[in-house]
J.: 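Pasting a structure below so you can have a look.
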Amino acid sequence: MSGGLRLFVAAEPPEAVRDELALWARRAIGRSAAARRIAAESLHLTLCFLGEQPPAAFEEIAALLESMVELFFRVEDLAVGAPAWLPPRRPRVLAVEVGDPDGTLGALHASLARELAASLAWQPRHERFRPHITLARMRPGTERARELPPTPPLAFTPAALTLFRSDLEPSGAVYTPLASIPPI
Ligand code: 3AM
């Protein structure tokens, strides 16, 4: 779609958690030529990747985020879990799993996906929602590290639910927040 915006909706961990995760990734894979670490300020937990959408969809999605505020404020006590290479068979990213013990993040994801599918030319993926935070992208054809240090035992409440624009630049994807609850 020409002139479209590449969009996704993500929960943003608080800054202290992003910093800890970035530090862990630095310890885990250091300056490995096989991986490109994601900057602490860009770490996020993707709920729905929307692909290319017409710029006019922005207002609708921003309004839809507003309608999620109650569900969003129920999400707390998310737990940083084990490291995960995703997808497992031919990993392209190093992520950490995120535990959702009371299912509130899953409920937010289901509601958001349902409402987005009802208002946009978009269908959610069939795969099970597997909450994670991507920390590094692997360069194609490179070996993944074998041993990883244990992840920090962190629990967190997301700071925001944000609609991001993703621009693919030669140096990696650049994420720009467009709308958020609570508002930016
Ligand atoms: O949170 P992560 O990094 O797992 O993988 C991309 C990233 O998720 C995902 O959207 C998030 C922001 O870029 N993404 C990118 N292209 C995708 C696609 N074609 C995609 N997810 C599904 N299908």
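Every number for a ligand or one of its atoms is a count from 1 in the order of the listing.
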J.: Do other residues, nucleotides or ligands put more than 12 heavy atoms under 6.0 Å from the CD atom of E76?
T.: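 More than 12 heavy atoms, drawn from other residues, nucleotides or ligands, come within 6.0 Å of this atom.
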J.: Students should be able to answer this: which protein heavy-atom is nearest to atom 1 (O) of ligand 1, and at what distance?
T.: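 I find the closest protein heavy atom is T46 OG1, 2.5 Å.
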J.: Got L86 and P91 here, is their nearest side-chain heavy-atom distance under 4.5 Å?
T.: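 The answer is no, as the side chains (C-beta and beyond) never meet within the 4.5 Å cut-off.
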J.: Should T176 and R165 be marked as a side chain to side chain donor-acceptor pair (under 3.5 Å) after you check the CA-CA gap, both sets of side-chain angles, and the distance that decides it?
T.: CA-CA 5 Å; T176 310; R165 168 183 187 164; 5.7 Å; no
J.: Is it the case that one hydrophobic cluster holds both V17 and L23, taking links as side-chain heavy atoms less than 4.5 Å apart, direct or via other members?
T.: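 V17 and L23: separate clusters.
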J.: For ligand 1, which atoms sit closer than 4.0 Å to a heavy atom of T134?
T.: 1 (O), 2 (P), 3 (O), 4 (O)
J.: Which ligand 1 atoms, with their elements, are less than 4.0 angstrom from a heavy-atom of F8?
T.: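 Contacts of ligand 1 toward F8, numbered from 1: 12 (C).
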J.: Can you pull out the closest protein heavy atom to atom 6 (C) of ligand 1? Residue, atom name and distance to 0.1 Å, please.
T.: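 Here the closest protein heavy atom is R137 NH2, 4.3 Å.
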J.: May I ask you to decide if A173's main-chain N or O and S166's side chain share a donor-acceptor pair within less than 3.5 Å?
T.: no
J.: How far is atom 19 (N) of ligand 1 from its nearest protein heavy atom, and which residue and atom is that?
T.: F49 CE2, 3.6 Å
J.: List ligand 1 atoms under 4.0 Å from R6, heavy atoms only on the residue side.
T.: 15 (C), 16 (N)
J.: Can you tell me which residue and heavy atom of the protein come closest to atom 22 (C) of ligand 1, and the distance to 0.1 Å?
T.: R125 NH1, 2.5 Å
J.: Which class fits the ring pair Y175 and F8: parallel under 30°, tilted 30 to 60°, perpendicular over 60°?
T.: perpendicular
J.: Out of H132, E127, R130, R92, indicate the one that has the non-hydrogen atom closest to atom 4 (O) of ligand 1.
T.: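 Comparing heavy atoms across H132, E127, R130, R92, the nearest one to atom 4 (O) of ligand 1 lies in H132.
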J.: What atoms in ligand 1 come closer than 4.0 Å to a heavy atom of H44?
T.: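 This gives 1 (O) as the contact atoms.
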J.: Residue-level breakdown please: for F164 versus ligand 1, do any non-hydrogen atoms fall below 4.0 Å on the side chain, on the backbone, on both, or on neither?
T.: neither
J.: Between the side chains of E41 and R18, is the shortest nitrogen-to-carboxylate-oxygen separation below 4.0 Å, so that they form an ion pair?
T.: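 Looking at R18 and E41, the cut-off is not met.
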J.: What atoms of ligand 1 come within less than 4.0 Å of a heavy atom belonging to Y175?
T.: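 Taking each heavy atom of Y175 in turn, ligand 1 has 13 (O) under 4.0 Å.
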J.: Counting only heavy atoms not in R92, do more than 12 fall under 6.0 Å of its CZ?
T.: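 Check fails, neighbour count at 12 or below.
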